[in-house]
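Let me begin by presenting the structure, written as structure tokens, before commenting on it.
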Amino acid sequence: MDFCKMKDFCEMDDFQKKCKTYGIDLSEEQKKKFMDYYELLIEWNSFMNLTAITDFDEVILKHFVDSLAVCQAPVFIKKVKESKVSLIDIGTGAGFPGIPLKIIFQDSKITLLDSLNKRIKFLDAVIEKLNLKNIETIHGRAEDLAGKSDYREQYDFCVSRAVANLSTLSELCIPFIKKGGYFVSYKSEKIREELSAGRNAIDILGGKIEDVLEYQLPDSDMNRSLLLIRKEKNTPRKYPRKAGTPAKEPLL
């Protein structure tokens with residue numbers, strides 16, 4: 001094994017330690033899948049823009065570990081252990097957090113949605129290489145897909161690491177969740193002010209803020225937040241509005 005490979009595998013042990021802070025004990029098979037995922041990410045990133053983060057240890061921390069941070073939420077762990085949950089990842093990009101969650105929770109049914117077809121082709125390559133089952137990719141916009149009966153209010157969880165204000169994200173994500181399910185918004189900083197501005201939109205869309213988890217990524221000083229919104233009632237049919245409108249004219 002060459003030096004670079006040895007270094008990477010040593011750092012996989014560090015990944016294992018970080019995962020244990022979330023209650024996750026990686027198997028050797030899961031470690032290999034994450035390694036293969038990383039290698040594909042770097043390979044494809046050489047000819048298309050998937051991520052600005054390419055150093056192995058930074059990908060581990062800022063993409064893989066960060067994606068798994070939802071495991072800190074007791075309601076998420078409870079549901080995935082009780083049954084085969086359904087989850088949709090809106091604006092998944094290079095597959096975060098959907099693919100890391102699929103690697104850990106293999107029985108979950110996962111949908112990856114992105115508006116750029118070239119990213120979908122990358123995700124399909126990852127799914128094939130990692131031999132992941134019960135996972136689908138969709139090229140499209142959330143505003144369009146949420147109007148289709150096969151997807152509207154069909155999921156236990158909707159997750160998103162997309163960069164957008166909370167009102168916009170809520171309009172794009174909450175329509176996918178069934179009553180009693182959750183929208184989990186990953187944020188890269190403390191969100192109390194944004195949360196205050198988005199409360200009315202969340203209520204209009206049928207959601208209720210249940211919890212805000214503020215934390216630091218393991219062994220770092222990077223602040224993160226997870227916002228958990230429970231679906232209390234059906235989303236009015238007029239939401240989400242036509243493509244582009246939620247971003248241009250966020251609900252107030």
Q: With Leu145 as reference, evaluate Ile90, Asp150, Ile138 under the side-chain contact (heavy atoms from CB on, under 4.5 Å) test and give the passing residue.
A: Ile138
Q. Judged by atom type as modelled, is there a donor-acceptor pair below 3.5 Å linking the side chain of Lys102 to the main-chain atoms of Ser108?
A. yes
Q) Which heavy-atom pair separates Ile24 from Cys71 by the least distance, and what is that distance? A) CD1-SG, 3.6 Å
Q. Counting only N and O atoms by type, is there a donor-acceptor contact under 3.5 Å from the side chain of Asp55 to the main-chain atoms of Glu58?
A. no
Q: Please check if any side-chain donor atom of Asn234 sits under 3.5 Å from a side-chain acceptor atom of Glu153, or the reverse.
A: yes
Q.
Pairing donors with acceptors under 3.5 angstrom, does anything connect the side chains of Ser115 and His139?
A. no
Q.
For Thr111 and Tyr155, which I'm curious about, is there any donor-acceptor pair between the side chains at under 3.5 Å?
A. yes
Q: Let me see the working for Tyr182 and Phe76 under ring pair (Phe, Tyr, Trp, His ring centres under 6.0 Å), right down to the final yes or no.
A: CA-CA 9 Å; Tyr182 287 83; Phe76 179 80; 9.6 Å; no
Q. Could Lys32 and Asp36 be called an ion pair, given the rule that one side-chain N must be under 4.0 Å from one carboxylate O?
A. yes
Q. Less than 4.0 Å between a side-chain N and a carboxylate O, is that true for Asp66 and Arg224?
A. yes
Q) Are the aromatic rings of Tyr37 and Phe64 close, with centres under 6.0 Å apart? A) yes
Q. Would you call Lys17 and Asp13 a salt bridge, taking side-chain N to carboxylate O under 4.0 Å as the test?
A. no
Q) Do Glu249 side-chain atoms and Pro246 backbone N/O form a donor-acceptor pair below 3.5 Å? A) no
Q. Is there a side chain to side chain donor-acceptor pair (under 3.5 Å) between Lys231 and Thr235 once you walk through the steps?
A. CA-CA 9 Å; Lys231 184 76 168 279; Thr235 302; 3.2 Å; yes
(Q) For a quick check under 3.5 Å, do Asn131 and Lys133 share a side-chain donor-acceptor pair by atom type? (A) yes
Q | Glu82 atom CD, over 12 foreign heavy atoms within 6.0 Å | A | yes
Q) Using a distance-only test with no angle check, is there a side-chain donor-acceptor pair under 3.5 angstrom linking Thr137 and Asp124? A) yes
Q) Taking Ser225 for the side chain and Glu214 for the main chain, is one N or O donor matched with an acceptor at less than 3.5 Å? A) no
**Q.** Minimal non-hydrogen separation, Asp107 against Asn134, with atom names
**A.** O-ND2, 4.2 Å
(Q) A quick test of your reading: do over 12 heavy atoms of other residues, nucleotides or ligands sit less than 6.0 Å from NZ of Lys109? (A) no
Q. Does Ile229 reach the side chain of Glu210, with side-chain heavy atoms less than 4.5 Å apart?
A. no
